[in-house]
Every structure is written in C-alpha cells, then in structure tokens.
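Whatever order the structure lists ligands and atoms in, that order sets their numbers, starting from 1.
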Amino acid sequence: MTGGPEAGPRHVAIIMDGNGRWAQARGRPRLFGHHAGAKRVREVVECCPALGVKYLTIFAFSTENWKRTQVEVAGLMSLFRRYISKEMKALATKNVRVRFIGDRERLDKKLIQLMDALERETADNDRTHLTIALNYGGRDEVARATKRLAQDVASGKLDPESVDEETLPRYLDTCVLPDPDLVIRTSGEARISNFLLWQSAYAEYEFIDTLWPDFTAEELARLCQGYGGRDRRFGAVKT
Ligand code: FPP
C-alpha cells in the first residue's frame with residue numbers, strides 16, 4: 001500500500017494533550033494554552049476531507065478533568081461555550097456534522113443548550129463527522145451503557161441470551177459511529193487515558209511529541225500516510 005486518502009484512516013480520534021505545558025513554556029497561564037488549542041481544532045477539522053478522514057473524534061474534557069482547579073475548569077467550560085457559539089456557522093457551512101459524547105448531566109444548562117443547538121443545526125451535514133468528547137470517560141460510558149442494557153433486560157425488551165459483542169456497542173454514546181482506525185495522542189505521553197476503550201480494540205496508535213497547540217494539518221497528513229502503509233490484520237494471519 002502506498003498511503004493517500006484511499007488507504008488512509010476513515011476515522012481518526014485525537015487525545016489533544018499538552019496545552020498546559022505549551023502555555024507554561026511561554027510563561028502564560030494554562031488557559032492561554034487551551035485557547036491556542038481550540039484554534040487548532042478548526043484547522044484539523046478543515047483538512048479532514050482532503051485526507052479522506054470522514055470521522056474525527058476529539059477528547060475535549062474527561063470525567064477526570066473535574067479534578068483540575070476551579071479556575072481551569074470554569075475557564076474550559078467558558079471556552080467550550082464560546083467555541084460552540086463562534087464556530088456554529090463555520091461548521092455548518094463547511095458541511096460538518098457535530099455530535100457530542102460523554103455524560104451531559106454534570107454540565108451547565110447553558111452549555112447543554114448550545115451543544116443541543118449545534119447538533120441540531122448540523123444534523124443534515126455529512127462531509128465530515130466531528131465528535132467532541134465532553135465530560136467523557138470510557139469506563140463511565142461502558143457503565144452507562146450497561147445500565148441501559150440491564151434496564152432493557154429487566155423490562156423484557158432484551159433477551160439476555162442474545163447478548164453478544166454486537167449488543168453493547170448499540171448502547172454506547174458512539175452507537176452511530178464506526179470504530180476509530182487511528183488514535184493519536186500529542187505531547188509525548190503514551191497513555192490512552194480512558195478514551196474510547198471499547199471502540200479502540202483494534203485501532204492503531206500514534207504517540208507523538210508535538211504539544212497540541214503546535215499540531216498542524218501537515219502532521220496529520222503525515223500520520224495518515226504512515227497509517228496507509230500499515231498492515232492491519234485484526235488478529236488474523238495474512239494469507
Ligand atoms: C489537555 O492538555 C487538554 C485538555 C484537558 C483540554 C482540551 C481542550 C482543548 C484543546 C480546547 C478546546 C477544544 C474544543 C473542542 C473547543 P493539558 O491541559 O493536560 O496539558 P498538559 O498535559 O501540558 O498540562
């Protein structure tokens with residue numbers, strides 16, 4: 001395989017890490033790094049069609065991120081609200097469909113309203129599918145899915161004997177999305193931090209040193225090309 005859009009990943013998922021260190025290296029507060037990181041999101045979303053990436057999923061806020069200082073958490077929530085209001089038009093005109101995954105219950109009402117509006121406004125788009133993980137944790141998602149599955153068993157809607165590998169994904173937040181082909185984590189950490197645990201069982205991983213605010217479309221293109229050269233066997237032996 002030679003790479004290129006045809007052989008490249010269809011679904012790329014990104015753990016956008018390193019905003020804090022990027023800001024600290026410039027003697028600025030951590031939120032400065034998050035703002036710089038938010039600007040990168042647009043560039044990366046826009047380059048997806050040329051790379052053959054139909055689905056992009058980004059990790060914006062984890063269920064563990066509440067442990068950060070109140071100032072940082074409030075700043076991030078305000079950044080998400082601003083990002084959604086500001087980017088709504090651009091995303092709609094670029095034919096991007098936006099979805100959110102994660103547990104909305106702990107988020108503030110205003111933010112939930114904006115998320116709902118953005119999902120509604122972009123519901124007919126289909127060029128790029130952007131999924132934003134917000135208050136998301138893989139274990140939390142599996143637990144919430146299991147709860148709903150158990151409710152369906154209890155109410156007689158689901159026969160427990162019929163439960164197999166295909167059943168649980170139907171209850172996950174990502175039920176309408178294909179599994180990610182390539183998961184990228186920036187900033188030099190080789191961890192998956194509770195991101196898309198079930199869905200990434202057969203994904204390829206790229207851990208790169210670049211801090212998220214320095215990540216570019218060119219780097220994504222290079223990683224997609226590298227992916228095109230790989231031999232994915234999904235546990236089978238190549239014949
Ligand atoms: C991790 O960097 C980044 C986050 C917890 C937030 C990610 C948010 C953005 C990129 C901003 C906007 C996103 C959207 C969708 C508008 P870190 O703070 O852990 O960095 P560090 O490891 O250097 O401290």
Determine, considering heavy atoms only, which of [options] sits nearest to [atom].
| atom | options | result |
| --- | --- | --- |
| atom 18 (O) of ligand 1 | Arg21, Arg68, Glu87, Glu72 | Arg68 |
| atom 12 (C) of ligand 1 | Ala38, Gly20, Ala23 | Ala38 |
| atom 16 (C) of ligand 1 | Phe59, Phe100, Trp212, Tyr83 | Tyr83 |

Between Trp66 and Asn135, is the side chain to side chain donor-acceptor pair (under 3.5 Å) condition met? List the steps. CA-CA 9 Å; Trp66 298 104; Asn135 194 26; 2.8 Å; yes
Protein contact to [atom] [nearest heavy atom, distance to 0.1 Å]:
| atom | result |
| --- | --- |
| atom 13 (C) of ligand 1 | Phe80 CE2, 3.9 Å |
| atom 9 (C) of ligand 1 | Asn19 ND2, 3.6 Å |
| atom 1 (C) of ligand 1 | Met16 O, 3.2 Å |
| atom 11 (C) of ligand 1 | His34 O, 3.6 Å |

Answer yes if the side chains of Thr69 and Arg30 hold a donor-acceptor pair under 3.5 Å, and no otherwise. no
Linking I/L/V/M/F/W/Y whenever their side-chain heavy atoms sit closer than 4.5 Å, directly or via other members, would Leu118 and Phe59 fall into one cluster?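 Different clusters: Leu118 never reaches Phe59 through Ile, Leu, Val, Met, Phe, Trp or Tyr contacts under 4.5 Å.
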Within the structure, does Asn65 bring an N/O atom to less than 3.5 angstrom of an N/O atom in ligand 1?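 Between Asn65 and ligand 1, no N or O pair is found under 3.5 Å apart.
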Is Arg30 touching ligand 1 with its side chain, its backbone, both, or neither, if touching means heavy atoms under 4.0 Å apart?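 Side chain only.
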Just let me know how Leu211 lines up against ligand 1, side chain, backbone, both or neither, with a heavy-atom cut-off below 4.0 Å. neither
Does Tyr83 have any side-chain hydrogen bond (donor to acceptor under 3.5 Å, both in side chains) partners at least two apart in sequence or in another chain, and if so, which? none
For residues 11-53, which residue pairs qualify under ring-ring contact (aromatic ring centres under 6.0 Å, His included), counting only residues two or more places apart or in two chains?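 Listed once each, the pairs are His11-Tyr55, Trp22-Phe32.
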Is Glu119 salt-bridged to Arg104, cutoff N-O under 4.0 Å? yes
Tell me whether Ala60 reaches ligand 1 (any heavy atom closer than 4.0 angstrom to a ligand atom). yes
Which value, rounded to the nearest 0.5 Å, describes the distance between Leu134 atom CG and Thr63 atom OG1?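 One finds 11.5 Å between CG of Leu134 and OG1 of Thr63.
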Reference residue Phe100; test side chain to side chain contact (heavy atoms under 4.5 Å, CB included); the match among Ile84, Thr131, Asp116: Ile84
